[in-house]
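Contents: one structure, followed by commentary.
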There are 2 protein chains.
Amino acid sequence: MPSGYDKYAYEPFAVTVDLAVLTLRAGALHVLLVERGQEPYAGRWALPGGFVAPDESAETAARRELAEETGLVDVSGLHLEQLRTYSEPGRDPRMRVVSVAFAALLPHAPEAHAGSDAAQARWVPYHSAKPLAFDHDRILADAHDRVGAKLEYTCLATAFCPPEFTLGELRQVYEAVWDTALDRPNFRRKVLATPGFVEPVPGAARLTGGRGKPAALYRAGTATALHPPLLRPSREGRPA
Amino acid sequence: MPSGYDKYAYEPFAVTVDLAVLTLRAGALHVLLVERGQEPYAGRWALPGGFVAPDESAETAARRELAEETGLVDVSGLHLEQLRTYSEPGRDPRMRVVSVAFAALLPHAPEAHAGSDAAQARWVPYHSAKPLAFDHDRILADAHDRVGAKLEYTCLATAFCPPEFTLGELRQVYEAVWDTALDRPNFRRKVLATPGFVEPVPGAARLTGGRGKPAALYRAGTATALHPPLLRPSREGRPA
DNA sequence: GCGACTAATAGTCACTATGACAATAAAGGG
DNA sequence: CCCTTTATTGTCATAGTGACTATTAGTCGC
């Protein structure tokens with residue numbers, strides 16, 4: 001708590017949350033965007049978000065906004081991760097706004113629908129998302145960085161998957177976020193060798209989605225960290 | 001930016017920064033604390049911090065507070081890292097305060113002195129720091145977790161070291177933060193094998209501080225990330 | 001000045017984890 | 001029925017690591 005707390009004057013700020021809602025659609029990373037109807041940045045796309053209410057924490061506000069924007073009834077199980085807080089003066093031309101940014105990970109994408117404020121909402125491929133309003137390009141890039149990094153040393157990837165999934169789906173999460181191809185056998189070996197990352201579904205059910213040999217189904221395990229980590233291939237010498 | 005931005009009412013918040021200022025003293029991790037003079041938590045120790053001014057970002061405010069609390073004239077080179085934002089309603093019994101927490105890493109500890117608000121300030125060993133006022137125990141623990149994790153996959157450890165340092169000093173950073181003993185030869189091999197982590201001081205000067213063979217001096221290199229990471233020993237089966 | 005002690009540095013060895021593959025199995029599409 | 005696609009099982013060479021031993025170069029107590 002501030003040492004000068006009881007002594008200095010202070011100014012009030014508006015506090016908002018901004019959400020980078022990420023999911024996989026057709027094997028590609030997508031982000032949920034809303035179209036702004038008013039100035040500034042009218043007609044530009046932006047990350048969904050909203051004000052923090054007086055009796056809410058930023059996390060609570062973020063989860064409420066997530067439910068509103070996605071139209072999902074139950075968002076309690078979704079992974080929500082605080083990224084950082086953006087507080088540059090002037091980041092909003094109208095007033096002094098401090099925004100706490102979150103990344104939300106969705107297993108399956110509900111169809112985008114107009115939010116509670118009737119703004120248009122849409123799933124946009126990550127690589128087509130820029131440019132966004134305000135400093136949202138930066139926030140989105142930070143979200144991507146964070147998620148990409150956490151895939152390396154945590155079991156976060158399962159947050160993108162439905163309750164039961166194949167190792168192919170799990171691998172697609174890594175490939176989409178890292179934008180890299182991974183070796184199938186090596187990925188499989190690594191995941192299965194990590195205790196608690198995934199566990200096979202007892203019924204030995206197998207999914208025969210489209211082409212190829214049917215794959216075994218797995219559930220997320222109880223582990224949260226990966227030791228040792230699953231490092232993304234280093235791109236030395238290759239084009240970034 | 002909030003979708004309901006132009007539609008919803010919002011309440012103003014006070015925005016503060018809280019700092020976990022960390023350094024090594026005699027090989028042990030210490031944190032800078034200030035004693036509270038007033039209620040609530042009068043007489044309890046707390047993390048230094050203060051209000052964000054209307055024309056400041058949280059980072060700017062944090063650096064200003066860091067200079068004020070440590071008495072250092074130039075804090076521009078110090079590593080300052082935003083941790084996360086704490087926004088639970090009721091975390092301050094007096095008013096609605098949202099606090100952006102930072103970790104600051106100091107190479108050498110200037111003597112603690114009374115801050116600008118005449119509050120008593122002191123360096124306290126990390127393990128003796130609890131309990132603190134407000135939710136500062138949590139903030140401090142989060143700072144420790146973050147720094148410990150970043151030591152694994154970044155070159156952050158050099159932020160705790162003076163411009164020129166020995167590998168022994170660098171190793172002490174890891175040992176103090178992780179609270180583990182590391183094998184000297186293996187640590188040396190790993191650090192020197194990582195390009196850009198450290199580079200030898202050309203003059204081949206050697207430091208003969210106290211006991212033991214004089215050690216070679218190194219400077220921080222240009223690299224920021226460690227690939228592959230320097231993983232802390234896993235404590236499977238051992239007492240946590 | 002001597003021996004104990006401390007820390008830096010050099011080097012060894014076994015084992016783990018990983019990257020790069022080859023090969024086989026089981027589906028669907030023409 | 002052949003081809004393509006994906007899953008799955010293995011193999012092999014090598015980088016990286018953990019556990020140790022040995023040597024070197026200082027300080028400290030006496």
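Throughout, a chain's letter reflects where its sequence line sits, starting with A, and its residues are numbered from 1.
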*Give me the ring orientation class for B/Phe134 and B/His136: parallel if the planes are under 30° apart, tilted from 30 to 60°, perpendicular past 60°.*
tilted

*asked:* Output the rounded distance in Å from CZ (A/Arg171) to P (D/dT6).
replied: 8 Å

*Got a sec, which residues hit side chain to side chain contact (heavy atoms under 4.5 Å, CB included) with B/Pro125, two or more places apart in sequence or on another chain?*
B/His30, B/Ser128

*Calculate the interatomic distance between A/Leu217 atom CG and D/dA7 atom C1'; express it in whole Å.*
13 Å

_So which atom in B/Val173 and which in B/Leu151 form the shortest heavy-atom distance, rounded to 0.1 Å?_
O-CD1, 4.3 Å

*Using a cut-off of less than 4.0 Å, is there contact between a side-chain N or O of B/Lys190 and OP1 or OP2 of D/dT17?*
yes

*Partners meeting side chain to side chain donor-acceptor pair (under 3.5 Å) with B/Arg188 (sequence neighbours left out)*: none

*Do B/Glu35 and B/Arg122 meet the salt-bridge criterion of a basic N to acidic O distance under 4.0 Å?*
no

*Do we see a donor-acceptor contact under 3.5 Å between the side chains of A/Asp18 and A/Tyr86?*
no

_Can you measure A/Leu182 atom CG to C/dA17 atom P for me and round it to whole angstrom units?_
19 Å

_How many whole angstroms separate atom CG of A/Leu231 from atom P of D/dG16?_
11 Å

*Any side-chain N or O of A/Arg188 less than 4.0 Å from the OP1 or OP2 oxygen of D/dT8?*
yes

Side chains of residues 153-163 of chain B: which donor-acceptor pairs under 3.5 Å do they make with residues two or more places apart or in other chains?
residue  : atom : partner  : partner atom : Å
B/Thr154 : OG1  : B/Lys150 : O            : 2.5
B/Thr154 : OG1  : B/Leu156 : N            : 3.2
B/Thr158 : OG1  : B/Cys155 : O            : 2.9

_B/S/- contact track for nucleotides 20-26 of chain C, protein heavy atom under 4.0 Å_ = BBB--BB

Using atom types as modelled, flag every donor-acceptor pair under 3.5 Å from a side chain in residues 218-230 of chain B to any protein atom, sequence neighbours excluded.
residue  : atom : partner  : partner atom : Å
B/Arg219 : NH1  : B/Glu164 : OE2          : 3.0

*For the helix from C/dG1-D/dC30 to C/dG30-D/dC1, how many degrees between its two end axes (five pairs per end), to the nearest 10°?*
20°

*Rounded distance (Å) that lies between atom P of C/dA17 and atom CZ of A/Phe187*: 17 Å

*What is the distance from NE2 of B/His227 to C1' of D/dT17, rounded to the nearest Å?*
18 Å

*Rounded to the nearest angstrom, tell me the gap between atom CZ in B/Arg184 and atom P in C/dA8.*
5 Å

_Tell me the interatomic distance from B/Glu169, atom CD, to C/dA7, atom C1', rounded to whole angstroms._
13 Å

_With heavy-atom distances below 4.5 Å as the criterion, would you say the side chains of B/Leu72 and B/Leu78 are in contact?_
yes

